[in-house]
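Below is one structure; the comments refer to it alone.
Residue numbering restarts at 1 for every chain, and letters A, B, ... go by the order of the sequence lines.
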Amino acid sequence: MSEKEHDPKIKPYLFLIVLQSLISIMMRTMGKLITPFNHKKDTSVQVASVRLANTAKGYLAKVSAEEIKARRVAAYRYLLP
Amino acid sequence: MFEPETSYPYRRVGDHSGLTTNRKHVEHLTIYQFNTEKYPYLIEVEKYPCQIYAFKFYRRVHKKNKQRFNLMTNEGKCSRIVGTCFSIFLSIYEKNPLASFGFLGAHTIDIQKHVIEPKNETRRFVVYRQAVQNYFGTDTFTHFSNPENSIYLAISNKNKDVANIADVANAMIEQLLDQ
């Protein structure tokens with residue numbers, strides 16, 4: 001038997017490294033499996049929506065028909081009117 | 001210029017449920033491929049809640065590149081490529097009139113020319129917005145834009161509550177931009 005195998009400091013470190021790797025692999029696998037299901041139950045979208053409405057800081061602003069008419073090149077025919 | 005008649009023939013090469021994409025809020029991902037005279041391209045169509053479809057395209061060779069949406073191909077085929085996206089959207093809209101569509105005009109990153117474009121009102125955004133407004137009218141769609149983040153969304157007026165869909169889209173955008 002070598003000296004290393006008898007070294008009491010090595011074993012706990014090895015154990016921790018193996019444990020950390022196992023947890024990391026497990027978290028990744030669980031994450032991949034769970035995440036797609038999560039967004040079906042995700043209520044944060046609605047919550048954020050309410051918050052946006054309250055603060056009136058929406059990202060998307062409605063483009064008025066007049067603005068579109070002004071910018072549009074009339075020569076092109078509509079694909080959908 | 002962006003007419004679907006001039007679009008490239010495309011074919012579906014990938015179909016993934018939300019389960020396999022592992023992308024936040026994405027319910028379904030369909031990947032199409034088409035070939036220009038020079039290069040093969042991929043178009044990713046992500047389906048979000050409220051029947052919102054987001055279109056993204058890039059050269060197939062850049063598939064694994066994190067900046068695939070930011071690279072310039074310098075091929076000069078933008079109008080036909082965008083026309084191909086329109087063509088795909090029209091085929092979706094035919095089957096599902098509640099379908100809305102959106103895009104993000106990615107900012108250009110050109111390392112060789114030392115150019116990193118700001119994220120607001122990017123060149124791509126300006127071109128795509130013009131194309132959408134030329135071809136999709138206000139009778140069929142309610143248009144929304146966010147020039148600060150170069151995002152555009154056209155919501156089908158066949159939906160009962162367009163304003164609510166815009167709110168949900170806003171919330172999703174906020175979360176996706178925070179990532």
(message) Heavy-atom cut-off 4.5 Å, strictly under: side chain, backbone, both or neither for B/Gln130 against chain A?
(response) side chain
(message) Between B/Tyr135 and A/Ile68, is there shared hydrophobic-cluster membership here, with clusters defined by ILVMFWY side-chain heavy atoms closer than 4.5 Å?
(response) yes
(message) Can a donor-acceptor pair be found, under 3.5 Å and without considering hydrogens, that links the side chain of B/Asn134 to the backbone of A/Tyr76?
(response) no
(message) Are B/Tyr39 and B/Ile43 linked, directly or through intermediate hydrophobic residues, by side-chain heavy-atom contacts shorter than 4.5 Å (ILVMFWY only)?
(response) yes
(message) Looking at B/Ile116, I want to see if its CD1 is surrounded by more than 12 non-hydrogen atoms of other residues, nucleotides or ligands under 6.0 Å.
(response) no
(request) Decide side chain to side chain contact (heavy atoms under 4.5 Å, CB included) for A/Leu80 and B/Asp139; before the verdict, give the C-alpha distance in whole Å, the side-chain angles of both, and the deciding distance to 0.1 Å. (result) CA-CA 8 Å; A/Leu80 292 167; B/Asp139 292 346; over 6 Å; no
(request) Please tell me if the side chains of A/Val63 and B/Thr138 come closer than 4.5 Å, counting only heavy atoms from C-beta onward. (result) no
(request) Spell out, as yes or no, whether a donor-acceptor pair under 3.5 Å connects the side chain of B/Thr140 to the backbone of A/Pro81. (result) yes
(request) Decide whether B/Leu42 and B/Val61 are clustered together by the hydrophobic rule: side chain heavy atoms of Ile, Leu, Val, Met, Phe, Trp, Tyr closer than 4.5 Å, transitively. (result) no
(request) Side-chain contact test, heavy atoms from C-beta onward, threshold under 4.5 Å: evaluate it for A/Arg71 versus B/Arg129 and give yes or no. (result) yes
(message) Could you check whether atom CD of B/Glu37 has more than 12 heavy atoms from other residues, nucleotides or ligands sitting under 6.0 Å from it?
(response) yes
(message) For a quick test of reading the model, state the closest non-hydrogen atom pair linking B/Ala166 to A/Leu60 and the distance between them.
(response) O-CD1, 4.3 Å
(request) Tell me whether B/Leu29 is reachable from B/Val13 by hopping between hydrophobic residues (I, L, V, M, F, W, Y) whose side-chain heavy atoms are closer than 4.5 Å. (result) yes
(request) Could you tell me which non-hydrogen atom of A/Lys62 sits nearest to which non-hydrogen atom of B/Thr142, and how far apart they are? (result) CE-CG2, 3.5 Å
